[in-house]
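Report on the following structure.
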Amino acid sequence: MSRTTQTKKEEQPDYLGHRQRLRTRFLISEGKDMADYEFLEFLLTMSIPRRDVKPLAKQLVKRFGSFAGVINADNHELLSFPGFKESSLALLKAVKEAALRLQWQNLNAADVPVLNNWDLVVDYCRSKIGYSTVEQFMVVYLNSKLRLIGEDIEQRGSLNQVSIHPREVIKAAIDRGAGAIVLVHNHPSGVVKPSGQDIALTQMICEAGRLVDVDVIDHLIVSKDNVYSFAKEGLIPRVKR
């Protein structure tokens, strides 16, 4: 080996070998044996090519609590971390979208009434908006056989400040050809107990739906850790078809 080749080999950054070891570990177990910061570090190596990213991965997991917390974190807050650029943001948000699509497509592939896979529906709703720091109101649309046909975020912002019109919610359901809907909104505080306004809004939407044969199956209040079901608590009559 020539002196020049040996010198170049000796000057290679230590993190290059570490990245290869990370990649090998991932391919062997597909990440199952990796701690959250290690899995995040592995992903960041794809968007940050010339830097040891372990410290950044550890900082992010410490700040947001978990890998799930990181990929659901606010864009501006992520970009405030030194060394975290738009390319890394795009990568992590793509991972989040991939996870949501997998959940949604698995639910659709089952081709059974949502009540048969209710826990999976709840998990999807929590994944979709449960981590959001802004209150969001989502409607999941079902056909007459209670199979999924779509979902929409109807409003973003506090329900105390953003007007939700029951007739518009039901109109959107009719336009979708839905025979039933599931209402979902998040409480960024983490406290999922409904307010008086939540209860009143739900009752108005249920009444508007009854006029045109659109059933409200449930209203879920979600956070990243918890869920409150209006139907389970007896605030909405259970629908059986």
With a 3.5 Å cut-off and sequence neighbours excluded, list the donor-acceptor pairs that the side chains of residues 91-103 form with protein atoms.
{"from": "Lys93", "atom 1": "NZ", "to": "Ile71", "atom 2": "O", "distance (Å)": "2.9"}
{"from": "Lys93", "atom 1": "NZ", "to": "Ala73", "atom 2": "O", "distance (Å)": "2.7"}
{"from": "Lys96", "atom 1": "NZ", "to": "Asn72", "atom 2": "OD1", "distance (Å)": "3.2"}
{"from": "Glu97", "atom 1": "OE2", "to": "Arg101", "atom 2": "NE", "distance (Å)": "2.8"}
{"from": "Gln103", "atom 1": "OE1", "to": "Ser127", "atom 2": "OG", "distance (Å)": "3.2"}

List the atom pairs, donor and acceptor, that lie under 3.5 Å between side-chain atoms in residues 114-121 and the rest of the protein, sequence neighbours left out.
none

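A donor-acceptor pair under 3.5 Å is absent between the side-chain atoms of Arg176 and the main chain of Asn143, judged by distance alone. Of the possible polar contacts, none joining the Asp215 side chain to the Ile217 backbone as a donor-acceptor pair under 3.5 Å is found. Using modelled atom types, no side-chain atom of Asp175 and backbone atom of Ala172 make a donor-acceptor pair closer than 3.5 Å. Side chain of Asp218 to main chain of Ser229: no donor-acceptor pair is present (N/O by atom type, distance under 3.5 Å, no hydrogens or angles). Not a single donor-acceptor pair under 3.5 Å links the side chain of Asn186 to the backbone N or O of Ser223. Panel note: side chain Arg25, backbone Asp33; a donor-acceptor pair is recorded below 3.5 Å. In this structure, Thr45 contributes its side chain and Phe42 its backbone to a donor-acceptor pair below 3.5 Å.
Taken together through direct or relayed side-chain contacts under 4.5 Å among Ile, Leu, Val, Met, Phe, Trp and Tyr, Ile28 and Leu22 form parts of separate hydrophobic clusters. Trp104 and Tyr131 fall into different hydrophobic clusters, defined by Ile, Leu, Val, Met, Phe, Trp and Tyr side-chain heavy atoms under 4.5 Å apart, directly or through other members. Hydrophobic clustering of Ile, Leu, Val, Met, Phe, Trp and Tyr side chains at less than 4.5 Å, counting indirect connections, unites Val122 with Ile153. Val182 and Val112 fall into different hydrophobic clusters, where Ile, Leu, Val, Met, Phe, Trp and Tyr side chains are chained together by heavy-atom contacts under 4.5 Å. In the hydrophobic clustering of this structure, Leu148 groups with Val184; members are Ile, Leu, Val, Met, Phe, Trp, Tyr whose side-chain heavy atoms approach within less than 4.5 Å, directly or through other members.
Between Val61 and Ser66, the closest side-chain pair of non-hydrogen atoms is not below 4.5 Å. The shortest side-chain heavy-atom distance between Ile170 and Ile174 falls under the 4.5 Å cut-off. At a threshold of 4.5 Å between non-hydrogen side-chain atoms, the residues Leu60 and Phe84 count as touching. Residues Pro113 and Arg147 form a side-chain contact, since some pair of their non-hydrogen atoms from C-beta on lies under 4.5 Å apart. His187 is listed as a side-chain neighbour of Glu135, based on a closest heavy-atom distance under 4.5 Å. No side-chain heavy atom of Leu183 sits under 4.5 Å from any side-chain heavy atom of Leu220. Looking only at side-chain heavy atoms (C-beta outward), Leu56 and Arg51 come within less than 4.5 Å of each other. The shortest distance between side-chain heavy atoms of Asn226 and Val192 falls below 4.5 Å.
Counting heavy atoms of neighbouring residues, nucleotides and ligands inside a 6.0 Å radius, atom CD of Glu86 does not exceed 12 of them.
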Please evaluate residues Leu44 and Leu40 with respect to the criterion side chain to side chain contact (heavy atoms under 4.5 Å, CB included), reporting the C-alpha separation (whole Å), side-chain torsions for both, the decisive distance (0.1 Å), and the verdict. CA-CA 6 Å; Leu44 290 175; Leu40 180 58; 4.1 Å; yes

CA sep, side-chain torsions, deciding dist, call: Val140, Met138, side chain to side chain contact (heavy atoms under 4.5 Å, CB included): CA-CA 7 Å; Val140 179; Met138 180 171 78; 4.2 Å; yes

Dump the intermediate steps for side-chain hydrogen bond (donor to acceptor under 3.5 Å, both in side chains) on Ser88 and Ser47, then the final yes or no. CA-CA 5 Å; Ser88 296; Ser47 60; 2.7 Å; yes

Side chain to side chain contact (heavy atoms under 4.5 Å, CB included) for Gln155 and Gln136? Distances and angles first, verdict last. CA-CA 6 Å; Gln155 296 284 0; Gln136 300 185 53; over 6 Å; no

For a side-chain hydrogen bond (donor to acceptor under 3.5 Å, both in side chains) check, start with the C-alpha distance between Tyr37 and Gln59, then their side-chain angles and the critical distance, and finish with the verdict. CA-CA 9 Å; Tyr37 83 86; Gln59 289 169 18; over 6 Å; no

Go through the steps for Ile129 and Phe137 under the test side chain to side chain contact (heavy atoms under 4.5 Å, CB included), then give the verdict. CA-CA 9 Å; Ile129 63 173; Phe137 186 86; over 6 Å; no

Given side-chain hydrogen bond (donor to acceptor under 3.5 Å, both in side chains), test Asp74 with Thr133 step by step and report yes or no. CA-CA 8 Å; Asp74 177 76; Thr133 56; 4.8 Å; no

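Qualifying ring-ring contact (aromatic ring centres under 6.0 Å, His included) partners for Phe230, counting only residues two or more places apart in sequence or in other chains: His219, Tyr228. With sequence neighbours excluded, no residue forms a salt bridge (Lys or Arg N to Asp or Glu O under 4.0 Å) with Lys193. In this view, Glu168 and His165, Lys171 satisfy the side chain to side chain contact (heavy atoms under 4.5 Å, CB included) rule, not counting sequence neighbours. Judged as a salt bridge (Lys or Arg N to Asp or Glu O under 4.0 Å), and not counting sequence neighbours, Glu154 has no contacts.
Atom CG of Leu78 and atom NZ of Lys85 lie 13.5 Å apart (nearest 0.5 Å). How far OG of Ser29 is from NZ of Lys32: 6.5 Å, rounded to the nearest 0.5 Å.
Closest approach of Val214 to Ala178, counting heavy atoms only: CG2-O, 3.9 Å.
Relative ring orientation between Phe39 and Phe26 is described as parallel, the plane-to-plane angle staying below 30° on a 0-90° scale split at 30° and 60°.
Look at Lys58 and Glu41 and you find no salt bridge, because none of the NZ, NE, NH1 or NH2 atoms lies under 4.0 Å from a carboxylate O. Arg126 has no carboxylate O lying under 4.0 Å from a charged side-chain N of Asp225, or vice versa, which leaves the two without a salt bridge. Ion pairing of Lys54 with Glu38 is absent here, as no side-chain N (NZ or NE/NH1/NH2) approaches a carboxylate O to less than 4.0 Å.
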